[in-house]
Amino acid sequence: MNRGYFADMKEFKDHGGKIAAADKTLNPAVSAMKFPALAVTFSNGESLTLPVTPNSNEVNTEDLAVPKVSLVCLSFRASSQEMISSWSKPFLESFGNREDLQLFEVSFIDKWLLGFPPIKKLLLRVLQKPNNSENNVLQRQAVYAFGDHYHFRKQIKVLNLLTGYILLLDKSGRIRWQGFGTATPEEVSQLLSCTSSLLLKDQ
């Protein structure tokens, strides 16, 4: 977990961000790891703790229901933004009319920037992403995680910060499927299939 940028870059050149193939099927619920609690901030300054589950405080609000399935895309460096889109775009195209899913794209902001109080507000304003899913019921929610996330990365085994991490969560916040880097057509098909299976199981 203490690897440096050059080690990440060397590995990235070897595999292009594809540190492993995506899961082909859903991981069993009994052995699936729970997504660690992660505080995130929307571009308007509102905050939220992921994952959103039946036990979350956030579900008490009128505008946030418990999703049957959540796709959480993690980006630790700008280099992984296009990788994230290779998963989230087909996900939106396939499930855009569903009210029981959520899609979060999480960008991590290094802790050293927080030493300057106005920086966080400025970054939220500058980093605000346009919403390309206005006509969909399902919306792509861009959020930001500020600070030191060493323990979070350790829990979900994030080693290379230059690639993207794609996690499919069930209703209880368990990680039932994972993908990495840029999606292949086969992996997109696996993601969509696993999402459909979770919706049917409603777990």
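Contact detail for L103 and L138: the closest heavy-atom pair is N-CD1, 3.9 Å. The two atoms that bring L161 and R77 nearest to each other are O-CG, 3.2 Å, heavy atoms only. A pairwise comparison of heavy atoms in M83 and L162 identifies CE-O, 3.8 Å as the closest pair. Closest approach of W177 to D23, counting heavy atoms only: NE1-O, 2.6 Å.
Using modelled atom types and a 3.5 Å distance limit, the side chains of S88 and E105 yield a donor-acceptor pair. A side-chain donor from one of S75 and S80 sits under 3.5 Å from a side-chain acceptor of the other.
Aromatic rings of F35 and F152 (six-membered ring for Trp) have centroids within the 6.0 Å cut-off, being under it.
We find the CZ-CG distance between R176 and L168 to be 8.5 Å, quoted to the nearest 0.5 Å.
For residues 184-199, the salt bridge (Lys or Arg N to Asp or Glu O under 4.0 Å) pairs, not counting sequence neighbours, are K18-E187, K24-E186.
Side-chain contact between L48 and F104: present, with at least one pair of heavy atoms (C-beta onward) separated by less than 4.5 Å. Proximity of M33 to N27: side-chain heavy atoms (C-beta onward) are nowhere separated by under 4.5 Å. Taking 4.5 Å as the limit, some side-chain heavy atom of L199 sits within range of a side-chain heavy atom of F95.
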